[in-house]
2 protein chains.
Amino acid sequence: MEIAQRAGSGRKRMSRAEREQQILGIAEEVFAERGYQAAAMDDIARRVGLSKPMLYEYFGSKEGLLLACLERAKRELLECTSAAAASAESPEQLLHDGLLAFFRFGEDHKQSWALLRNESAVPGMELDTELEGIRRQQVSFTSDMLRMSLPETDEYRMEAFAEAIIGACERMALWRENHPEVTPEMAAEHLMALIGPSLSGEARSFSEPAPSEQELSRQASSTREPPGRTTRPPESSSHDQG
Amino acid sequence: MEIAQRAGSGRKRMSRAEREQQILGIAEEVFAERGYQAAAMDDIARRVGLSKPMLYEYFGSKEGLLLACLERAKRELLECTSAAAASAESPEQLLHDGLLAFFRFGEDHKQSWALLRNESAVPGMELDTELEGIRRQQVSFTSDMLRMSLPETDEYRMEAFAEAIIGACERMALWRENHPEVTPEMAAEHLMALIGPSLSGEARSFSEPAPSEQELSRQASSTREPPGRTTRPPESSSHDQG
DNA sequence: GCAGTAGGTTACTACGAGTAAGTTACTTGC
DNA sequence: GCAAGTAACTTACTCGTAGTAACCTACTGC
């Protein structure tokens, strides 16, 4: 019955750090393949070859375990996208490379992507916060790119663009899963075709930008956060993959 | 203890159709305010003033109940968007009105929107199918619009555009929830500013429309003509604030 | 070899989805 | 009016899973 109990009772008792990594790996697997809800802690424990209370010892709760998995996936995603963008030479190229990296991420990190993709609407406030944090990471990343393309554009519009682009990315990544013949390159190209034109000088609007709109933005800007949270370099920290 | 047992035993025993509607209304409420997972069938039953097995009698399962709620919300959304689009006079206007209607939907049908927004990634294959169906509804709706703006565009690209736009819409609708000062009109305008230029005759690509995808990403030289040659001198926004 | 403790287990509780079998009140035929 | 029939409804369960209490064990240093 024991799964990870290979060759007698030899394989037991690891150090905390070791176990943590092992559990994370297996949990990622289980969450990715069965989904958060359907994944049972008992099942994860069994696959690890450990008893359930240990999972709680290490991660506090089911949500905590998922959270730890997501943290890893999030770091990977950020690394991929910022690495890709690092070598770009023009703002358009930058955006394109970022998009491309995003679409490639889904193929190169299937498991992490499955996590980010499927567990994006799990209940739990902390989880919501984390997921939203991941999106904000992508949004601010995108904002940074946009700021280069559209230096004179109103901050509000820039943020709106960034949000819209992230949303478009997510949706297209999902769409691609039903169309395997659409390569990451093609997806990125499509998206660039859609948003590129508006980033090349012509960012105003399809109609004239209503003056009342900008005024409204400024009037109600009390709740806005200062734009200092953005430009951080890619955190090239140690990559502890178990 | 009984909540809906007003004035003795008078208020009991309704016809199937009546109860169904009553249950649907309350379930929508509960799902919207607590989320699918956190919503307990016992709770819904209690609020209806009925015992749990009746819910199963009427809707088969928790998922079935949510499904019925979503069906309603979906119909509402389609009605709103298509009604809005009906009065448009140009393709751009059509798209704009559709977007606007979408953003307004979130305000005018808070409960339905909360359902569609939050329950979009619940497990369960049938649910997934339904949710995907709702999106496909929006996608095909958008495709139809695009077909008018971009009659010569490749079908694949059109679909990609539609998916991207739907994704952008969803994300921006979420974003708007943290920025109440952004009106539906402003949201629609931002989005039009982002995607409008590419719909105005210039739909090819930000690079040349290359046959092979590897080269696309390379030659990022944008040989584009300024957009705006299409059929829309002024923008007489005849929509007022909802 | 014995104390201390990190690492681990068994055996529970709590709670919520779903169900079997029984009960009540309204309708219909006489 | 009153039995029979049935649609609406209830009580009282089963079962699965998140989370926990309390106890056990093998390795450490001395």
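Basis for what follows: all heavy atoms, side chains included, without hydrogens, waters or symmetry-related copies. Within every chain, numbering begins at 1; the chains are lettered A, B, ... in the order of the sequence lines, protein sequences first and strands thereafter. Here the structure is a predicted model, which is why all the values come from computation and not from measurement.
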**OP:** Could you check whether Met54(B) gets within reach of a base, just the sugar-phosphate, or nothing at all, counting any heavy atom under 4.0 Å?
**Re:** base
**OP:** Decide if the gap between the ring center of Phe103(A) and the ring center of Trp113(A) is smaller than 6.0 angstrom.
**Re:** no
Original post:
Ser51(B) has a side chain; which of dG19(D), dG16(C), dT10(D) sits nearest to it?
Top reply: dT10(D)
**OP:** Can you tell me the distance, in whole Å, between the CG atom of Leu50(B) and the P atom of dT24(C)?
**Re:** 16 Å
**OP:** Rounded to the nearest angstrom, tell me the gap between atom CZ in Arg46(B) and atom P in dC9(D).
**Re:** 18 Å
Original post:
Between Leu55(A) (CG) and dA18(D) (C1'), how many Å, whole number?
Top reply: 11 Å
Original post:
So do the side chains of Glu163(B) and Glu170(A) get within less than 4.5 Å of each other, counting heavy atoms only?
Top reply: no
Subject >> Nucleotide dA7(D), atom P - distance to CD of Glu18(B) in whole Å >> reply: 17 Å
Original post:
Is Tyr56(A) near enough to dA21(D) that one of its side-chain N or O atoms lies under 4.0 angstrom from OP1 or OP2?
Top reply: no
Original post:
In whole angstroms, how far is the P atom of dG16(D) from the CE atom of Met41(A)?
Top reply: 19 Å
Subject >> Rounded distance in Å - CD (Gln37(B)) to P (dG16(C)) >> reply: 12 Å
Original post:
Could you state the CG-C1' distance from Asp43(A) to dT17(D), rounded to the nearest angstrom?
Top reply: 12 Å
**OP:** Give Ala39(A) one of three labels, base, sugar-phosphate or nothing, depending on what nucleic acid heavy atoms sit under 4.0 Å from its own.
**Re:** sugar-phosphate
**OP:** Could you work out which one of dA11(C), dG7(C), dA8(D) sits closest to the side chain of Arg16(A)?
**Re:** dG7(C)
Original post:
Is it the case that Arg135(A) and Gln138(A) place a side-chain donor and acceptor less than 3.5 Å from each other?
Top reply: no
Original post:
With a non-hydrogen cut-off below 4.0 angstrom, is Phe59(A) in contact with a base, only sugar-phosphate, or nothing?
Top reply: nothing
Original post:
Does Arg13(A) make a side-chain N or O approach to OP1 or OP2 of dT25(D) shorter than 4.0 Å?
Top reply: no
**OP:** Using whole Å, report how far NZ of Lys62(A) lies from P of dA18(D).
**Re:** 4 Å
Original post:
dA7(D) phosphate, OP1 or OP2: any side-chain N/O from Arg19(B) under 4.0 angstrom?
Top reply: no
Original post:
Using a distance-only test with no angle check, is there a side-chain donor-acceptor pair under 3.5 angstrom linking Arg72(A) and Gln111(A)?
Top reply: no
Original post:
Are the charged groups of Asp43(B) and Arg47(B) less than 4.0 angstrom apart, N to O?
Top reply: yes
Original post:
On DNA chain C, nearest-nucleotide positions of Lys52(A) versus Tyr58(A): which is more 5'?
Top reply: Tyr58(A)
